[in-house]
Amino acid sequence: MDSAKLVEQLEEKVTEGKLKKINERNSNNVGVLDGTRSFNCAIIIDIYKDLEGNDLFRIEHNIDQKNNYHTIRVEEFNNGFF
């Protein structure tokens, strides 16, 4: 699934009250290197949790509006139950 589409779906579930969103980090003016190109980005990291508090997804955005650069990195948590 497309990362942007996943974030959109997660945000809808937060709005509906089916998930919780925790802002883990919001930093500006962070240097990001992508291959040979460098960007001055805002870094936004959100954790999406179910209503029981289990971590489901960690979403990291790197955004440089001056250079029209936006990446989304998705980390999915696997919660094991014994």
Side-chain angles (χ1 to χ4, degrees):
M1 175 184 290
D2 179 293
S3 297
K5 186 78 168 166
L6 174 64
V7 171
E8 185 179 306
Q9 290 176 350
L10 291 171
E11 288 295 326
E12 287 176 11
K13 289 183 180 185
V14 168
T15 301
E16 294 169 355
K18 296 178 180 176
L19 292 179
K20 294 185 245 180
K21 176 176 146 180
I22 309 299
N23 181 267
E24 183 178 81
R25 178 178 171 196
N26 192 347
S27 303
N28 290 317
N29 302 319
V30 177
V32 172
L33 185 63
D34 186 353
T36 59
R37 299 171 56 198
S38 61
F39 300 94
N40 188 20
C41 292
I43 308 290
I44 301 168
I45 300 174
D46 295 315
I47 304 291
Y48 291 86
K49 298 177 175 265
D50 63 17
L51 298 179
E52 287 78 38
N54 298 306
D55 292 345
L56 301 175
F57 293 93
R58 179 182 185 272
I59 308 291
E60 179 178 332
H61 296 267
N62 296 325
I63 305 166
D64 183 344
Q65 293 181 340
K66 288 183 182 178
N67 292 300
N68 194 28
Y69 177 80
H70 183 183
T71 61
I72 301 172
R73 192 176 74 135
V74 176
E75 181 180 343
E76 184 174 0
F77 295 101
N78 294 315
N79 296 305
F81 298 97
F82 300 96

Are more than 12 heavy atoms from other residues, nucleotides or ligands located less than 6.0 Å from atom CG of Asn23?
-> yes
Hey, what do you get for CZ (Phe77) to CG (Asn54), rounding to the nearest 0.5 Å?
-> 11.0 Å
Return each pair, listed once, that meets ring pair (Phe, Tyr, Trp, His ring centres under 6.0 Å) where at least one residue sits in residues 10-29; pairs must be two or more places apart or across chains.
-> none
When hydrophobic residues are tied together by side-chain contacts of less than 4.5 Å, even through go-betweens, does Tyr48 share a cluster with Ile45?
-> no
Applying side chain to side chain donor-acceptor pair (under 3.5 Å), name anything that partners Asn40, two or more places apart in sequence or on another chain.
-> Asn29
Output the rest of the hydrophobic cluster of Ile63: all Ile, Leu, Val, Met, Phe, Trp and Tyr residues reachable through side-chain heavy-atom contacts under 4.5 Å, sorted by chain and number.
-> Ile44
List for me each residue that meets salt bridge (charged side-chain N to carboxylate O under 4.0 Å, His left out) alongside Glu16, sequence neighbours excluded, and say none if there are none.
-> Lys18
Ignoring hydrogens and angles, write down the donor-acceptor pairs under 3.5 Å from the side chains of residues 32-39, residues two or more places apart or on other chains.
unit_1	atom_1	unit_2	atom_2	d
Asp34	OD2	Tyr69	OH	2.9

Find out if a path of hydrophobic residues (ILVMFWY) with successive side-chain heavy-atom gaps under 4.5 Å connects Ile72 to Leu10.
-> yes
Pairs satisfying salt bridge (charged side-chain N to carboxylate O under 4.0 Å, His left out), at least one member in residues 20-32, at least two apart | Glu11-Lys21, Lys21-Asp46, Glu24-Arg58
Would you say Phe57 and Leu6 make side-chain contact, with heavy atoms under 4.5 Å?
-> yes
Exercise: identify the closest heavy-atom pair between Asn62 and Glu60 | OD1-OE2, 3.4 Å
Point-to-point distance, once rounded to the nearest 0.5 Å, from CZ of Arg73 to CD1 of Ile59 = 10.0 Å
Do you know which two heavy atoms are closest between Val74 and Ser3, and how far apart they sit?
-> CG2-OG, 3.8 Å
Shared ILVMFWY cluster between Leu19 and Val7, side chains joined below 4.5 angstrom?
-> yes
Quick one: SG on Cys41 to NZ on Lys66, what's the gap to the nearest 0.5 Å?
-> 11.5 Å
